[in-house]
Structure formats: C-alpha cells, structure tokens
Amino acid sequence: MSIDNIISQAVSRAVKELYGIETPAESIAPQATRKEFEGNLTIVVFPWVKAARKSPEAVGQEIGAWLEANEPAVEKFNVVKGFLNITIAPCHWNSVLSHIAETENYGLKQADENSPLVMVEYSSPNTNKPLHLGHIRNNLLGYSLSEILKACGNRVIKTNIVNDRGIHICKSMLAWQKWGEGITPESAGKKGDHLIGDFYVLFDKHYKAEVADFMDKGMSKEEAEAASPLMKEAREMLVKWEQKDPEIRSLWETMNSWVYAGFDETYKRMGVDFDKIYYESRTYLEGKEKVLEGLEAGKMYRKEDGSVWADLTGEGLDHKLLLRSDGTSVYMTQDIGTAKLRYEDYPIDKMIYVVGNEQNYHFQVLSILLDRLGFKWGKDLVHFSYGMVELPEGKMKSREGTVVDADDLMDDMVSTARSVSAELGKLDGLTEEETAAISEMVGLGALKYFLLKVDPRKNITFNPKETIDFNGNTGPFIQYTYARICSVLRKAADEKMAIADYGNVVPGEREIALIQALADFPGVVEAAGQTYSPALIANYVYDLVKLYNQFYHDCSILKEENEAVRSLRLELSRQTARVVKTGMKLLGIDVPERM
C-alpha cells in the first residue's frame with residue numbers, strides 16, 4: 001500500500017473516533033509538505049472543523065496526536081493554522097520503496113471497456129506547406145497529452161484533421177502549373193511537402209510583384225490586390241475544384257499525395273502518430289447538412305440574402321455566420337461536419353482540440369453550437385489552448401518563407417547534439433551506429449523537452465542553443481542522468497551485486513527525499529491529466545533527477561560495504577531510472593542506456 005493510502009486511511013479512522021465523522025479514505029488527499037515547513041505529507045483539516053466545533057489548530061493537534069499514537073508510519077507532526085504536517089518514520093520509507101518496486105506499471109492506471117473515451121485532435125496541417133516549428137509544439141503537446149490521459153485510465157483516440165482544400169491550396173497548385181515544368185519530388189530530390197511549400201512561396205512572390213506594379217501605376221493597395229490576375233486565377237481554380245473539375249481534382253490529388261508522403265516522414269521522426277485522420281475536403285459538406293438541420297429545427301436563422309446564422313447573444317456573444325449567401329461553408333461549419341463524422345465513428349465522451357490560443361473565440365462558439373445541435377460532449381469540449389512559438393528575431397511567416405521548417409530543425413538539433421556530445425566526451429568508445437542513434441535521441445529529446453517543460457498557455461521564444469545543455473533543466477541533462485543510473489546498475493550486475501533485504505536499514509535524508517519523490521509520481525501524472533499540462537511531468541522528472549544526482553554525490557552505492565544499505569541504494573537507483581523512463585515516455589522522449 002502506498003504511503004498516501006496509509007495516511008488517508010489512518011486519518012479516516014482518526015476523525016471517526018475523535019468526532020464521529022464518516023469520511024471515506026479516498027476523499028482524503030495528502031499533499032507533499034511545502035519546503036518551508038517540517039514534514040513529508042500535509043493534511044488539510046478544514047473539512048472537519050465545523051463538525052468538531054473547534055478551531056482548525058485544535059483539530060490539527062488532535063488528529064496529529066491520534067496518528068502519532070496509533071499509526072506506526074507517523075513519527076511526529078506539527079500544525080500550521082489548518083494544515084497538519086506529518087513526518088513519516090524513517091524506517092517506514094523502505095516499505096514505500098518496496099511497494100513502488102512491486103507495483104506493475106507504477107504510476108499508470110489501466111483503462112477498461114467502461115473507461116471514458118477521449119478524442120484528442122492535434123497537428124491539423126495545411127497541404128500547401130511543410131510542417132514548421134509551430135506544428136512541432138502542437139504535435140508534441142497533442143501526443144504527450146494523449147499519452148498522459150491514457151496513463152490516467154482513459155481510452156484515447158488520437159486524431160488529425162487535414163486542411164486539404166481552399167484558396168491556399170490552389171495557390172501552390174497554380175504556381176506549379178505556371179512555373180513547375182512538370183517537376184516531382186523524385187525529379188527534384190526533395191520531400192513532397194517541401195516542394196509544394198516552395199511553390200506556395202513562389203506564388204506569393206509573383207503576387208506581391210503584381211501588386212507592387214499596379215501600385216506604381218497609381219492604384220491603392222486594395223485596388224491593386226483586387227486587380228491581380230494571379231489571385232483571380234487562383235480563385236477560379238478554387239471554383240473549378242468545388243465543381244469537381246476532373247483536371248483540377250487530379251492535380252490536387254497528385255500534389256496532396258506528395259505532401260502526405262512528406263508529412264508521414266516528419267511524423268515518424270518526431271515520434272507522433274494518429275489513430276484516425278479526417279480531411280476537410282470530406283467533412284465540409286457534412287457540416288452544411290447539419291447546419292441546415294439546425295435551421296429547420298429553429299436553432300439557426302436565415303437572412304434575406306440567403307445566408308444562415310446562429311444567434312449567440314443569449315450566451316453573451318454575437319451573431320455567427322455559418323453558411324454564406326452562395327451556400328458555401330465557413331470554417332465553423334467544417335468543424336461541425338468533422339464533429340458529426342467523429343461522433344458517428346466513435347461514442348466520444350470528451351473531445352479535446354489542441355489548437356493555438358488565437359482560436360479561443362472559435363472554440364467558445366463551436367462548443368455552444370455543437371451543444372445546440374445535440375452533441376452530448378459539445379458543451380464540455382476542451383480547447384487545449386497553447387501559446388505561440390517565436391524566434392529571437394520575431395514571428396514566423398509561411399508566405400514569406402521565413403518559417404523554421406520542422407525537418408531542417410530536427411536535422412540541426414541532431415547535428416548540434418552530436419557535436420556537443422563529442423566535445424564533452426559523451427560519445428567516446430561508441431560505434432558510428434551507436435553515435436548516430438544517441439545523437440538522434442539527444443537532439444530530438446532536447447527539442448521536445450524544451451517545448452514541453454513550459455506551461456502550454458505561455459508563448460515560447462525558441463533558441464536552439466539553450467536546449468542542448470547537459471546541465472540545468474534540459475532534456476540532455478535528464479537523459480545523461482538516466483544513462484548514468486543504467487551504468488551503475490550494469491556495474492552492479494557485472495559484479496553480481498543482487499538486491500538483498502533492506503527492510504531494517506534506516507534511510508538517510510537524501511534517500512528519504514528520493515523515495516518520497518518517487519512516491520509522488522502517480523499524483524503528478526493524475527494532476528497532469530486533470531490540468532492538461534505535460535509541463536508538470538517534465539518538471540517533476542527534472543526535479544527527480546536533481547535529487548538523484550545529489551544522492552549519487554553524497555551516498556556511496558557500489559563501494560558501500562554494508563550489503564543491506566547497498567541494496568537499498570541500488571533499489572533506489574533502479575526505481576528512479578524506471579520512473580524517469582516512464583515520465584519521459586509520457587512526453588514522447590526516449591532515454592539512452594549508454595552515453
């Protein structure tokens with residue numbers, strides 16, 4: 001039994017005996033005592049103050065005294081206002097460590113057929129350009145959140161919605177028709193998504209030149225943009241696409257297939273995947289149908305020009321356009337259509353959209369509309385809103401080709417990891433194959449950890465030089481510590497040091513701190529799932545490896561002559577490595593056994 005459960009059950013017995021109050025043990029949640037106070041675990045006593053008819057301090061004193069007299073795990077206590085701080089008896093920490101070691105899938109809950117079904121949407125790329133740094137943050141957040149929700153006992157469906165239609169797609173297609181000369185990814189020796197992205201940038205270059213030329217002839221910027229022949233051609237191509245023109249549709253399918261092959265390579269290297277992919281070209285008409293159902297049921301209204309709207313003033317918002325006067329869809333309608341198809345495919349209990357914070361209003365409206373249209377999870381949908389990734393020199397712009405390409409960034413990170421690791425001697429004695437594998441692991445681990453350790457809601461300024469550092473709050477620091485622990489355990493195995501009984505050992509301060517940190521892991525996973533924050537896992541693992549390094553520095557392990565003490569320290573090392581690996585896996589980060 002975990003130490004939290006032991007204390008919860010003891011407090012439950014205490015309040016029943018002292019005050020006659022029935023309090024289920026599972027409703028009592030001990031928290032780690034704040035660093036400025038003495039103790040290991042803290043109980044908030046305010047829930048029993050009214051029934052006890054005593055001050056919070058008096059209730060804390062009485063419960064603490066009962067625990068000290070009746071629960072062997074409690075050594076002493078102190079009370080600060082309404083907070084009961086409990087110090088666990090040192091010898092009891094050994095049983096806590098044993099419990100961790102004996103618990104299969106420690107810190108992770110297993111889902112069953114009755115567990116909530118949660119769908120997480122992330123990535124949502126456009127097929128006119130390759131994935132960039134902003135997409136990397138989106139993908140890593142979505143994937144990690146999915147893994148954390150699984151670890152909290154949910155069934156999870158990871159999904160992607162691809163924006164494969166619209167004027168931006170036609171811009172790349174038109175540029176390829178005009179200036180591509182039949183080029184393909186194979187003939188160019190280039191990934192398909194990069195090739196298409198080049199044509200998107202090329203369109204913008206020619207379009208801007210046209211606009212500038214018209215402005216030189218005396219037109220205003222608005223007049224020049226309206227007069228652009230290139231933009232007119234792109235709009236005509238979009239109309240042809242919507243009319244299912246065979247030639248345009250064939251080109252569209254070919255160019256999209258190039259992009260999807262490129263995306264798949266990037267996703268695989270990034271370590272993210274999906275259970276189901278939806279395409280806007282197949283969902284936007286579904287949304288129109290659902291909106292017209294709502295119109296017929298009196299949940300929407302039609303204006304004189306034929307456009308369809310939703311009145312959201314009752315919810316403190318405005319009126320929202322859902323179908324234009326020509327009957328075409330807007331993004332909101334497309335999202336309704338995608339929701340309809342998803343709900344038909346899966347009996348979703350909760351829907352989570354991983355989308356940047358510039359779309360906060362969109363999802364506020366979508367939630368209201370989906371609820372109005374009868375989707376049971378609509379009202380409680382979650383917009384997992386995150387901040388933007390910027391560079392030290394400012395924002396990225398796709399049209400101008402100033403984005404940080406995801407593939408190029410991953411290449412740079414791996415190359416930098418290799419050079420830094422070599423300079424520090426981390427790769428000495430390794431084969432080329434091992435060197436390449438570790439460089440990949442460290443470079444991508446550094447990138448992922450940097451983007452996930454920050455509160456998702458905050459904007460990030462990404463500076464690659466700060467990410468690959470074997471000291472401080474970085475992925476490589478954690479990976480190196482894991483490799484160090486693996487080295488200790490290998491040497492112990494080579495010297496045939498088995499883990500013997502350590503039950504009678506009185507652990508020291510460093511050992512107790514490490515055991516308690518390990519005991520906190522399940523609660524951290526649960527909190528990360530409840531608050532949708534991979535950053536909680538990232539920073540927990542960092543704090544854990546800091547504690548291990550302090551322990552490693554102060555406590556002899558392999559050279560300890562007392563077999564029981566050495567066994568305690570080896571078990572501590574083994575369980576720390578296990579939790580570090582589990583925690584990093586929830587972030588989508590691999591850890592090397594040698595470094």
Side-chain angles (χ1 to χ4, degrees), residues 88 90-104 106-107 421-422 424-431 434-435 437-438 441-442 445 469-472 474-521 540-585 589-595:
I88 303 300
C91 60
H92 193 79
W93 287 108
N94 295 342
S95 63
V96 174
L97 180 60
S98 296
H99 167 77
I100 293 169
E102 292 163 6
T103 302
E104 190 177 357
Y106 177 66
S421 299
L424 297 173
K426 308 290 187 188
L427 305 175
D428 293 350
L430 299 181
T431 65
E434 289 172 328
T435 295
I438 288 175
M441 203 178 291
V442 172
D469 188 341
F470 286 90
N471 297 295
T474 66
F477 173 68
I478 294 168
Q479 290 172 316
Y480 179 62
T481 301
Y482 178 82
R484 166 185 273 177
I485 301 173
C486 289
S487 176
V488 170
L489 296 174
R490 276 196 305 274
K491 288 176 183 175
D494 290 345
E495 296 178 29
K496 295 183 170 49
M497 295 179 180
I499 295 176
D501 180 22
Y502 51 83
N504 293 322
V505 175
V506 177
E509 181 184 344
R510 292 286 188 228
E511 291 149 331
I512 289 174
L514 197 50
I515 296 170
Q516 183 168 6
L518 294 172
D520 290 341
F521 182 56
Y540 164 82
V541 175
Y542 170 62
D543 289 340
L544 179 64
V545 298
K546 277 200 304 181
L547 284 173
Y548 183 84
N549 282 314
Q550 291 167 353
F551 157 78
Y552 180 84
H553 180 268
D554 294 348
C555 303
S556 175
I557 302 175
L558 299 178
K559 292 182 179 179
E560 172 57 52
E561 294 183 1
N562 184 306
E563 184 182 20
V565 173
R566 186 176 68 236
S567 293
L568 171 67
R569 292 173 181 172
L570 281 173
E571 187 65 274
L572 252 179
S573 299
R574 191 162 70 97
Q575 296 311 316
T576 300
R578 179 188 178 197
V579 169
V580 168
K581 185 173 184 176
T582 302
M584 293 293 267
K585 188 177 180 183
I589 300 174
D590 293 324
V591 284
E593 295 192 358
R594 297 176 186 273
M595 203 167 171

- So Q516 and I88, side-chain contact (heavy atoms from CB on, under 4.5 Å) or not? Walk me through it. CA-CA 10 Å; Q516 183 168 6; I88 303 300; over 6 Å; no
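- In this structure D554 satisfies the side-chain hydrogen bond (donor to acceptor under 3.5 Å, both in side chains) test together with R510, sequence neighbours excluded.
- Partners of Y106 according to the ring-ring contact (aromatic ring centres under 6.0 Å, His included) rule, which considers only residues two or more places apart in sequence or in another chain, do not exist here.
- Residue pairs meeting the salt bridge (charged side-chain N to carboxylate O under 4.0 Å, His left out) criterion with at least one member in residues 482-503, sequence neighbours excluded, do not occur.
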- What's the verdict on side-chain contact (heavy atoms from CB on, under 4.5 Å) for L544 and F521, showing C-alpha distance, side-chain angles and the deciding distance? CA-CA 10 Å; L544 179 64; F521 182 56; over 6 Å; no
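- E434 pairs by the side-chain hydrogen bond (donor to acceptor under 3.5 Å, both in side chains) definition with T431, not counting sequence neighbours.
- The shortest non-hydrogen separation linking G583 to V541 is CA-CG2, 4.1 Å.
- For the side chain to side chain contact (heavy atoms under 4.5 Å, CB included) test, residues two or more places apart in sequence or in another chain that qualify with S98 are E102, Y502.
- M595 places a side-chain heavy atom less than 4.5 Å from the side chain of V442.
- The shortest non-hydrogen separation linking S567 to A500 is OG-N, 2.8 Å.
- Nearest approach of S421 to F470, heavy atoms of both residues: OG-CZ, 3.4 Å.
- Residues E511 and L514 have side chains not in contact (no heavy-atom distance under 4.5 Å, counting atoms from C-beta outward).
- A513 pairs by the side chain to side chain contact (heavy atoms under 4.5 Å, CB included) definition with L547, not counting sequence neighbours.
- Every residue was checked against the side-chain hydrogen bond (donor to acceptor under 3.5 Å, both in side chains) condition with E563, not counting sequence neighbours, and none meets it.
- A search for ring-ring contact (aromatic ring centres under 6.0 Å, His included) contacts involving Y542 returns F477, not counting sequence neighbours.
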- Message: Determine whether L568 and I499 satisfy the following criterion, side-chain contact (heavy atoms from CB on, under 4.5 Å), listing intermediate values before the conclusion.
- Response: CA-CA 8 Å; L568 171 67; I499 295 176; over 6 Å; no
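- Interatomic distance, Y480 OH to N471 CG, rounded to the nearest 0.5 Å: 10.0 Å.
- Note that CD1 of I515 and NE2 of H99 are 13.0 Å apart. Values are rounded to the nearest 0.5 Å.
- Here A437 pairs with nothing under the side chain to side chain contact (heavy atoms under 4.5 Å, CB included) rule; sequence neighbours left out.
- Atom CD of E593 is separated from atom CD1 of I485 by 11.5 Å, given to the nearest 0.5 angstrom.
- Qualifying side chain to side chain contact (heavy atoms under 4.5 Å, CB included) partners for K585, counting only residues two or more places apart in sequence or in other chains: none.
- For Y482, there are no side-chain hydrogen bond (donor to acceptor under 3.5 Å, both in side chains) partners at least two apart in sequence or on another chain.
- Minimum heavy-atom separation, P592 to Q479: CD-CB, 3.7 Å.
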Using a 3.5 Å cut-off and no angle test, enumerate the donor-acceptor pairs between side-chain atoms of residues 570-582 and protein atoms at least two apart in sequence or in another chain.
unit_1: E571; atom_1: OE1; unit_2: R574; atom_2: NE; d: 3.0
unit_1: E571; atom_1: OE1; unit_2: R574; atom_2: NH2; d: 2.8
unit_1: E571; atom_1: OE1; unit_2: Q575; atom_2: NE2; d: 2.9
unit_1: E571; atom_1: OE2; unit_2: R574; atom_2: NH2; d: 3.0
unit_1: S573; atom_1: OG; unit_2: Y548; atom_2: OH; d: 2.9
unit_1: S573; atom_1: OG; unit_2: R569; atom_2: O; d: 2.9
unit_1: Q575; atom_1: OE1; unit_2: R578; atom_2: NH1; d: 2.9
unit_1: T576; atom_1: OG1; unit_2: L572; atom_2: O; d: 2.7
unit_1: R578; atom_1: NH1; unit_2: I100; atom_2: O; d: 2.9
unit_1: R578; atom_1: NH2; unit_2: T103; atom_2: O; d: 2.3
unit_1: T582; atom_1: OG1; unit_2: R578; atom_2: O; d: 2.9

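- Rounding to the nearest 0.5 Å gives a distance of 7.0 Å between CG of L97 and CG of L518.
- Listed for the N94 side chain is a donor-acceptor partner under 3.5 Å among the backbone atoms of V505.
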